[in-house]
*Asks:* 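Dumping the structure here so I can ask a few things about it.
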Amino acid sequence: MKDNKNSEVTTPLPTREGQGGGSLASKYSPAEVEGKWYQYWLDNKLFSSKPDGREPYTIVIPPPNVTGVLHMGHVLNETIQDILVRHARMEGKNACWVPGTDHASIATEAKVVNRLAEQGIKKSDLTREEFLKHAWAWTEEHGGIILKQLRKLGCSCDWDRTAFTMDGPRSESVIKVFVDLYRKGLIYRGVRMVNWDPKALTALSDEEVVYKEEHTKLYYMKYYVCPSSDSSPVGAENDKGNQSPLPNRGGDGEGAGNVVHKDDRGYYAVVATTRPETIMGDVAMCINPNDPKNQWLKGKKVIVPVVGRVIPVIEDEYVDIEFGTGCLKVTPAHDVNDYMLGEKYNLEAIDIFNDDATLSDRIATAQQKSLAEVSVPDDFVIDLQRYVGTERFACRKQIAEDMVAAGLMEKIEDYDNKIGCSERTGVPIEPKLSMQWFLKMQHMADISLSPVMNDDIQFYPAKYKNTYRHWLENIKDWCISRQLWWGHRIPAWYIEPGPTPTLPREGAFPWGKVIVAENEEEAYKLALETYPILKTLEAPSGAVGGATGFSLRQDEDALDTWFSSWLWPISLFDGIRNPGNEEIKYYYPTADLVTGPDIIFFWVARMIMAGYEYEGMMPFKHVYFTGIVRDKLGRKMSKSLGNSPDPLELIEKFGADGVRMGMMLSAPAGNDILFDEVLCEQGRNFNNKIWNAFRLVKGWERPTPDPSRGGRGEAGAQLSNESETLPLTGERGEGLSLATAWFEAKLRIAAEELADDFSKYRLSEALMTVYKLFWDEFSSWYLEMVKPAYVDGKPQPVDRATYDATLQFFEILLKMMHPFMPFITEELWQALYERQPGESIMRAELHLPAATDADRQLCTDFEAAKEIVTAVRAVRSQKNIAPKEKLVLEVVSNAQPSSDSEALPLTGERGEGLSLAIQKMANLSAVNVVTEKSKGSVSFLVGTNEYAVPLGNLIDVEAERKKLQAELERIEGFQASVEKKLANERFVQNAPAAVVEMERKKLADAQQKIASLRESLASL
RNA sequence: GUCGGCAUAGCUCAGCUGGUUAGAGUAUCACCUUGACAUGGUGGGGGUCCUUGGUUCGAGUCCAAGUGUCGACACCA
């Protein structure tokens, strides 16, 4: 048979025959099952969503970099999203998961530049258009690989909606928003101190700077003092003195705390810095006016060593008296704080670097200029020409050596410092003054803070609300321009004189003025409108384009990547270009956002801003922050450590379902997850367990009569129509065992737990709930109870009711597990009953009736029955009695009636069922109710009831006595603690009545147990 | 430096508004293969709930301090 043949190699299921369960391989092999069903889902458009009357459930994917490759972080993130989406879909919602990629301007541009470099092409040799051609080619070649990989994971994205942050609709949206914000006065252009990445050659936002701890040096440099407050240089005339520079010498004590340095060249101040090369940009020295050490420097001028520039000593309380010597060199062009001082005291900013952080020849010209103004002794000066063109760190090393050699360095100390580095290229940031575009953030912060603080948007875990608030309350303007080509080019044009030479160029023309518009044509129109004088430059009618007397030059810069990402939840539904369209109305706001806390500012906060600015509503209702995936030693996964497994290899090894489960088993929201392959192994083992449970059930002969299920079709498999389906809810079918009733109750209770877990986004707990439900309750208890006995080597047939119920349970379990393990559940769901073409578990809804008090009582009773079984098994284990050997259980019913319902009813209808269940599970030949247990029996307590297993002479009296004695002591200890509590008057007075009552009952139970244990001991 | 989180079994974590002498998964140990599954079954062992103090009749849970750890932000040149 076909089935037999296949089962040797792999494990396809017989979907029609229904028979042949026994011929299934004993191991589940996911490889071809997964490919097959993913294709089936695609073919049947099961992921696709269109607006309709159902409640929408929307997730937009955090777009991975277009050239990215799937890593473990994605696996975690996308698995969570897929679980949420599949869960919502099975709740009957219109689930829509929109996939896409991000152009990641700086990262992608860097990759393209690298690749070009490998081909010997320099970016600077290309025009913008040529470069972009390469970039698009690269994007098309590598782009979307990651989206293909998501399919292997089982992600149920609506692929027809796949978007890219730089595709047509998204780009247009970005431009529209830029223009809009500019017109609202929220975007401006100006010269500011920005974070400059000298490798990528672009400005960065504050968020793109990461601080790294580094061991560096602190250099103490000598700044010689000009002897008088005029700018006379230190020189010959100074020789007459070893004259102290101190004012009021020997006077009233002012300057008593002065710390003065002097050597044979004269008096000097000492300035400590980590960056000696920046002295070339020094324009002042600053002291704290309250610093007693440096009073003597007030009003003086000092000479910048090496450079020879004479600079003033200024005073500002900004300077920290405690740090270094209390003397701060001021380099406005290369330090944010110095820049502020420069602004305050109107100091010149000398930019000493080129864009790539090599030393600019400006240092040499500045030196010549200052030396021409004031002459300083030659031995204070080194010709700066020698540093021009050197790289900043090489220069630092060199200048430090040179200063030591020239006697201009006081000392050098080791120093630990935190250095701001580019998040992308990793190189240290150079603070740099430059003209950039900014978005004013105060307004954005104002509209986006309260929705999070008052939980209109809920964060999971909520602790990130603090982080969010802190950032918004200290917000700074967002530098949105990047000196890159790959990205959305800023829609700003500058008015310049046109090519027509005869027209007037001078005068009141707005040369250099900026026009912001959606395109050049608009800009042109707007320019004429804004500056009517330009009309006088227009060529005679009929002339076209460049024939005018002015032209427009578009800004070279591109926008920060996040300036497009922040519109993602809106632009995906075309809400910017086409406000109020059907899709945006239906899908927005989205339901859940799943992302890492590392981009809370980059992305989450800014999406919230854009959401309120453009839709007047939050972009999502819940944010689920995932943790960082680390290895089992807690280290971040990284390429250099080689500790990051390839997700695709893992999928090959454990199956996608196994990997998903491995990821989710230890991924509570917000906590870092320590990933270990053994978790995937556990996932795979679980799949195998499900598979084998299915083999068991499928191996049962279908009881007759066996009407084709066609008539009732799918309805027969759904518990939602309660009265029609499982007969258990209504009238109990004759042959239905207590096991069936119990498991049905169990399912309903579990469904409620699951719903609760999902509502709190506790997905790993939800997974653990179904894991235990399937493995422990269903497989280990339920199936073991209903599994047919073997007679003469043959399994007995299963009765019809049990058979039907079991299949229905299986189906419900598959549905519960499906969001976590989509492939195996689809495979088995399809094989469980005959299905119509195109049907899928994906669209099967799962609604169970609420659990009742009776359900809970049944489960409680059943737990007691389980305890009895476990206790009997323990007796076997301790006495080395083979599982096959049948035993007898005695229920000791003393005259004292058991205190209440806690005692297990073993009489009556339910009692009989429980009794039978216990017999089967503990392999007993009988359960006898006795008033006194047999001699030579081992006894145990469940609740306050006593049970005994007669063992005849197998019993070891001494061991038994010991065991009972230990148990007795334990309970007596417990009793003592309860008695003590009850003896405390204040407890009885203050504690709620119910609590006191509970304690009384505990005491009564303990007393009863003690009595029964003493009796047992005595009877030994 | 400022702010915040966390600290419970060997490991990873639950433990919700204080109320059984603290739970799960995994690991570990012992025993068990003819009947779905050794990727399995059964049973067992394993905790000073970080420390100290406080509030309370009662604290793993609340408060304070300390220690350790992780993170965010700010940075001193």
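Every chain is numbered from 1 and lettered A, B, ... according to where its sequence line falls, protein lines coming before strand lines.
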*Asks:* Which part of the nucleic acid, if any, lies within reach of A:Pro597 when heavy atoms closer than 4.0 Å are counted: base, sugar-phosphate only, or nothing?
*Replies:*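 Touches nothing.
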*Asks:* Classify the nucleic acid contact of A:Ala991 as base, sugar-phosphate or nothing, counting any heavy atom under 4.0 Å across all strands shown.
*Replies:*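 It contacts base atoms.
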*Asks:* Students often get this wrong, so: under 4.0 angstrom with heavy atoms, is A:Asn687 touching a base, only sugar-phosphate, or nothing?
*Replies:*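 Nothing, no heavy atom under 4.0 Å.
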*Asks:* Please identify the 5'-most and 3'-most nucleotides of RNA chain B with any atom under 4.0 angstrom from a heavy atom of chain A.
*Replies:*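 So the outermost contacting nucleotides come out as B:G4 to B:A77.
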*Asks:* Which residues satisfy the salt bridge (charged side-chain N to carboxylate O under 4.0 Å, His left out) test with A:Lys772, sequence neighbours excluded?
*Replies:*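 Once residues adjacent in sequence are excluded, A:Lys772 has no partner under the salt bridge (charged side-chain N to carboxylate O under 4.0 Å, His left out) criterion.
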*Asks:* Kindly state whether the ring of A:Phe809 and the ring of A:Phe774 have centres lying under 6.0 angstrom apart.
*Replies:*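 Ring centroids of A:Phe809 and A:Phe774 are no less than 6.0 Å from each other.
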*Asks:* Any base atoms under 4.0 Å from A:Ser764, or only sugar-phosphate, or nothing? Heavy atoms, all strands.
*Replies:*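 Answer is nothing: A:Ser764 stays at 4.0 Å or more from every strand.
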*Asks:* With C1' as the reference atom in both, quote the distance from B:G47 to B:G71 in angstrom, rounded to an integer.
*Replies:*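 28 Å, rounded to whole Å.
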*Asks:* Classify the nucleic acid contact of A:Lys418 as base, sugar-phosphate or nothing, counting any heavy atom under 4.0 Å across all strands shown.
*Replies:*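 If one applies the 4.0 Å heavy-atom cut-off, A:Lys418 turns out to touch a base.
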*Asks:* Let's see if you get this right: which residues in residues 315-336 of chain A place a heavy atom under 4.0 Å from RNA chain B?
*Replies:*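 When residues 315-336 of chain A is checked for heavy atoms under 4.0 Å from RNA chain B, the hits, listed by number, are A:Tyr318, A:Val319, A:Asp320, A:Phe323, A:Leu328.
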*Asks:* Would you indicate what A:Glu969 reaches in the nucleic acid, counting non-hydrogen atoms under 4.0 angstrom: base, sugar-phosphate, or nothing?
*Replies:*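 Result for A:Glu969 = nothing.
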*Asks:* Touch check for A:Arg970, heavy atoms < 4.0 angstrom, all strands: base, sugar-phosphate only, or nothing?
*Replies:*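 A:Arg970: base contact, heavy atoms under 4.0 Å.
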*Asks:* Under 4.0 angstrom, heavy atoms only, what part of the nucleic acid is A:Glu765 near: base, sugar-phosphate, or nothing?
*Replies:*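 The answer is sugar-phosphate, as A:Glu765 gets under 4.0 Å only of primed atoms, P, OP1 or OP2.
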*Asks:* Please give the distance between the P atoms of B:G15 and B:G23 as a whole number of Å.
*Replies:*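 Result for the P pair: 15 Å, nearest Å.
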*Asks:* Could you walk me through whether A:Tyr761 and A:Tyr460 pass ring pair (Phe, Tyr, Trp, His ring centres under 6.0 Å), step by step?
*Replies:* CA-CA 8 Å; A:Tyr761 294 84; A:Tyr460 295 86; 4.5 Å; yes
